[in-house]
Amino acid sequence: MYKLIDGKKVAESIRNKIKDEINSLDTKPGLAVVLIGNDPSSKVYVNLKYKKCMEVGIESYKYELSEDSSEDDVIELITKLNDDKKINGILVQMPLPKHINRNNVLKAVDVSKDVDGFNPESIGNLILNKQGLYPCTPVGIIKLIDHYNIDVKGKEVVVIGNSIIVGNPISQLLLNRMATVTVCHIETKDLSLYTKKADIIISAVGKKNLVTKDMVKEGVIIFDVGINKDKEDGKIYGDVDFEQVKDLCSYITPVPGGIGPMTIACLLENTLIAYKNQGKDK
Ligand code: GUN
């Protein structure tokens, strides 16, 4: 019988801890959330992040720029936020409009306020296994691994997806813990060749039913990062065919209620860490 990894519950307990800690502070941490353009999913995520900030006592400031804003406009706003004392964390929602160079924007975010962990220096800290602000979804997965006492050392981990948001940083975090990590992606010829051997599968692709029963071994642990809205029934599905695969798993995350709430809880935690690193609680 598989065990469900209850991200919703773990995230709630993280949020409660953050809320208690913020209650005892003299000033409130501030998070700036920057949204550029009209991506409907991004709007939903940004609004959710804004709402969850308010619930734990983080002051959230929303900055919405139009789709045709220039890269200079975006960098000018970020520079202002870097200098703004009431802002402790800055998040630029991805994806950006095509004409804006993502790396230039991410480089502009002050490393001490980089609550998404996408600045090159933050990525360097992750690779060097140094303290720093790390990307929220991967940190959320690690927190679930720790909460459920899952040992990753020496385990065969297959990560599906090589994005800078999830696939790359979770691979590095697991490498830092001495897992044997294989990263599969869009050009991988035979995905099941890798997934069949995996003790742990982390899928972050955005494709419903990508992982099926015939692709996994018995006892596998699955973290499903996919958020796929089905056009027909309007429901949210992961990358893994949950119903088909669950009975082969020892642990599996549901979608929704698995990784999603952990991402936001870790963003709130990163904002509080940034606030404290900036000496604002002294
Ligand atoms: N787009 C999808 N996931 C994320 C995330 O964690 N952070 C940001 N900034 N954009 C995203």
Side-chain angles (χ1 to χ4, degrees), residues 7 11 14 31-53 58 60-65 67 69 71 74-75 77-78 81-82 87-98 100-111 113-120 122-123 126 132-144 159-173 202-207 223-229 236 238-239 253 255-256 258-271 273-274:
I14 294 170
L31 174 68
V33 181
V34 180
L35 174 65
I36 305 140
N38 308 312
D39 185 275
S41 305
S42 289
K43 279 196 180 176
V44 172
Y45 297 142
V46 161
N47 287 334
L48 199 57
K49 287 170 184 178
Y50 184 83
K51 188 173 144 230
K52 291 294 175 192
C53 277
I58 292 172
S60 183
Y61 304 87
K62 230 191 296 181
Y63 296 85
E64 298 195 38
L65 299 185
E67 182 81 25
S69 302
E71 193 175 301
V74 178
I75 292 175
L77 171 61
I78 292 173
L81 297 171
N82 284 340
I87 303 291
N88 308 108
I90 302 168
L91 177 148
V92 184
Q93 187 65 28
M94 301 288 140
L96 298 176
K98 294 225 165 19
I100 297 178
N101 181 300
R102 182 189 69 186
N103 291 353
N104 291 343
V105 169
L106 297 180
K107 195 167 64 180
V109 176
D110 190 295
V111 69
K113 299 189 177 184
D114 182 28
V115 287
D116 249 336
F118 298 154
N119 172 297
S122 304
I123 296 171
L126 171 59
L133 294 165
Y134 296 160
C136 306
T137 302
V139 170
I141 296 171
I142 293 292
K143 281 186 187 290
L144 290 175
V159 175
I160 315 174
N162 64 342
S163 72
I164 67 145
I165 295 175
V166 185
N168 260 287
I170 189 59
S171 303
Q172 189 60 50
L173 282 170
I202 299 172
S203 187
V205 171
K207 191 160 184 257
F223 294 90
D224 189 349
V225 186
I227 302 177
N228 308 303
K229 192 166 178 175
I236 303 290
D239 291 345
T253 58
V255 178
I259 307 298
M262 291 300 292
T263 296
I264 298 190
C266 293
L267 169 68
L268 306 176
E269 191 173 84
N270 272 355
T271 305
I273 293 170

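Below, all heavy atoms of this structure are taken into account, side chains as well, without hydrogens, waters or symmetry copies. If you read the sequence from its start, that first residue is 1, and numbering goes on from there. Whatever order the structure lists them in is the order used to number ligands and atoms, beginning at 1.
- Geometrically, ligand 1 and Thr263 share no nitrogen or oxygen pair separated by less than 3.5 Å.
- Nearest non-hydrogen protein atom to atom 3 (N) of ligand 1 is Ile165 CG2, 3.7 Å.
- In terms of polar-atom proximity, Met94 is counted as a contact of ligand 1, with an N or O under 3.5 Å from an N or O of the ligand.
- Side chain to side chain, Ser203 and Asp224 fail the donor-acceptor criterion of an N or O pair below 3.5 Å.
- The closest side-chain donor-acceptor pair between Lys49 and Gln93 falls under 3.5 angstrom.
- Annotation: side chain of Tyr63 is in contact with side chain of Leu77 (closest heavy-atom distance under 4.5 Å).
- Considering both main-chain and side-chain atoms, Thr137 never comes within under 3.5 Å of ligand 1 through any nitrogen or oxygen pair.
- When all heavy atoms are compared, the tightest approach of Cys266 to Val139 is SG-CG1, 3.8 Å.
- When side chains are defined from C-beta on, Cys53 does not count as touching Thr271, because their heavy atoms never get closer than 4.5 Å.
- An N or O contact shorter than 3.5 Å is missing between Leu91 and ligand 1 by distance.
- More than 12 heavy atoms of other shown residues, nucleotides or ligands fall within 6.0 angstrom of atom NZ in Lys62.
- Of the heavy atoms in Leu267, none comes closer than 4.0 Å to ligand 1.
- With distances taken over non-hydrogen atoms, the option nearest atom 7 (N) of ligand 1 out of Leu106, Val33, Asp116 is Asp116.
- Of the protein's non-hydrogen atoms, the one nearest atom 11 (C) of ligand 1 is Gln93 NE2, 3.3 Å.
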